[in-house]
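Working notes, structure below.
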Amino acid sequence: MSIQMTHRAGPESNPTGSSTTFPEVAEPVLRRVQDTIIAWFEDTARDLPWRHPNTSAWAILVSEIMSQQTPVARVEPRWRAWMDKWPTPADLAAAPTADVLHAWDRLGYPRRALRLQEAAEVIAADLDNRVPETTEELERLPGIGSYTAAAVSSFAFGRKTTVLDTNVRRVLIRLFAGRERPTTSPGRKETAWAAALVPEDKHVEWNAGVMEFGALVCTARNPDCQACPLQDICTWNRLGRPASATKPKTQKWAGTDRQLRGAIMDALKAAHVAGDGRHGVRLDVFTAAVTDFDPALLDSLAESTAAAVARVRELSADQDRINRLISDLVDDGLAQQVDGRLALPNS
DNA sequence: AAGACGGGGAG
DNA sequence: CTCCCAGTCTT
């Protein structure tokens with residue numbers, strides 16, 4: 001196939017003088033990209049369980065929430081267990097929040113589990129236990145932003161939406177704008193630009209396909225350009241794959257509040273499972289164990305709970321800091337204080 | 001526009 | 001040890 005572009009996408013050609021950030025894409029190029037991505041997807045997509053026929057909209061929604069900022073491979077087993085336990089919104093709405101947080105396991109950002117249960121409550125109570133189909137309605141639910149709303153509307157209901165996750169943004173930016181990576185977050189212009197690239201036919205396959213392509217071929221770190229069926233028209237590749245000027249600032253982990261919060265949550269989960277009671281850990285024991293580290297106090301706890309509390313101490317013996325984080329966790333709904341105990345929330 | 005928010009695994 | 005993952009929500 002001979003590709004004759006009417007004008008090349010890139011900074012060097014901008015006859016109209018309009019923004020080159022998101023250049024107009026010549027129709028024949030766009031058609032070839034769409035056909036190629038869709039064919040590639042139908043041929044080589046991963047066999048993810050939530051892509052199976054008859055997967056409920058709710059199950060798809062759950063998969064999307066779990067996949068936020070989380071590699072799909074790590075989501076799969078958690079998703080299976082979750083859907084087995086709570087197949088419908090009403091099931092999740094009725095579950096004890098402590099169980100929900102425990103089932104969330106170590107997927108990260110546990111507030112997502114809270115928001116998901118809240119969404120389930122709204123769907124069960126106000127929406128006849130049915131997931132809404134439009135992005136507008138979906139975005140009103142807690143924990144669902146523009147990406148997840150578009151994804152659920154497309155993948156669960158076949159509506160024509162613009163799915164714009166980190167993969168899609170990277171693929172489109174490379175192919176058509178010649179840059180290595182997208183900005184921190186998509187703006188109005190980028191969203192409108194991406195929307196114009198969605199085909200009328202097979203838009204679901206396009207949405208899922210570009211995402212999958214970004215996850216498997218046009219990856220952030222080491223893209224497999226040799227295997228890319230679009231390498232000849234990819235603007236970024238043709239420019240010699242220039243590195244973006246500014247690298248994203250890397251987030252710290254060791255020593256951060258996030259790490260310590262996670263360790264405290266671990267202790268509460270351990271207490272929940274160990275049967276130190278659904279009432280959690282005595283706050284004075286927790287505090288004393290952290291500050292004074294009296295082994296005798298740990299003896300009053302189950303072994304796994306004691307280990308988790310000891311881990312908190314390893315990270316910090318700063319009682320003020322720990323008290324502040326506990327207070328934050330309570331405010332966030334991730335923990336509760338009852339009768340001098342700290343525990344996972346029981347509602 | 002910038003930060004906060006988890007945790008893990010690949011390079 | 002750095003990077004980055006099917007983002008969302010709050011300053």
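Just so it is clear: chains get the letters A, B, ... in the order the sequence lines come, proteins before strands, and each one is counted from 1. Both backbone and side-chain heavy atoms feed into the values below; hydrogens, waters and symmetry mates do not.
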N/O contacts under 3.5 Å, protein versus nucleotides 8-11 of chain B?
{"from": "B:dG8", "atom 1": "OP1", "to": "A:Arg106", "atom 2": "NE", "distance (Å)": "2.4"}

Mind calculating the distance between CE (A:Met265) and P (B:dG6) to the nearest angstrom?
8 Å

Pull out every protein N or O sitting under 3.5 Å from an N or O of nucleotides 8-10 of chain C, one pair per line with the distance.
{"from": "C:dT8", "atom 1": "OP1", "to": "A:Gly145", "atom 2": "N", "distance (Å)": "2.8"}
{"from": "C:dT8", "atom 1": "OP1", "to": "A:Thr148", "atom 2": "N", "distance (Å)": "3.0"}
{"from": "C:dT8", "atom 1": "OP1", "to": "A:Thr148", "atom 2": "OG1", "distance (Å)": "2.6"}
{"from": "C:dT8", "atom 1": "OP2", "to": "A:Tyr147", "atom 2": "N", "distance (Å)": "3.2"}
{"from": "C:dC9", "atom 1": "OP1", "to": "A:Gly143", "atom 2": "N", "distance (Å)": "2.8"}

What pairs of residues pass the salt bridge (charged side-chain N to carboxylate O under 4.0 Å, His left out) test when at least one of them lies in residues 125-154 of chain A, not counting sequence neighbours?
A:Glu133-A:Arg159

Using the P atom as the reference point in each nucleotide, state the distance between C:dT11 and B:dG6 in Å, no decimals.
15 Å

Taking OP1 and OP2 of B:dG3, is either one under 4.0 Å from a side-chain nitrogen or oxygen of A:Lys249?
yes

If you measure from the P atom in C:dA6 to the same atom in B:dC5, how many Å do you get, rounded?
23 Å

Tell me whether A:Arg238 is salt-bridged to A:Asp232, with the criterion being a basic N under 4.0 Å from an acidic carboxylate O.
no

Mind checking whether A:Phe22 and A:Trp193 have parallel, tilted or perpendicular rings, split at 30° and 60°?
tilted

Hey, is the side chain of A:Arg181 poking within less than 4.0 Å of OP1 or OP2 on C:dC4, counting only N and O atoms?
yes

Grab the CD-C1' distance between A:Gln69 and B:dC5 for me, whole Å please.
10 Å

Considering residues at least two apart in sequence or located in another chain, which fulfil the ring-ring contact (aromatic ring centres under 6.0 Å, His included) criterion with A:Phe155?
none

What integer distance in Å separates A:Tyr109:OH from B:dG6:C1'?
6 Å

What's the CG-P distance between A:Leu325 and B:dA4, to the nearest Å?
13 Å

For A:Glu212, enumerate each residue passing the side-chain hydrogen bond (donor to acceptor under 3.5 Å, both in side chains) test, keeping only those at least two apart in sequence or located in another chain.
A:Arg46, A:Arg51

Tell me every residue that passes ring-ring contact (aromatic ring centres under 6.0 Å, His included) with A:Trp82, counting only those two or more places apart in sequence or in another chain.
A:Trp86, A:Trp104

Parallel, tilted or perpendicular, as decided by the 30° and 60° cut-offs, for the rings of A:Phe213 and A:Trp40:
perpendicular

For the pair made of CZ in A:Arg112 and C1' in C:dA6, what is the distance, rounded to whole Å?
11 Å

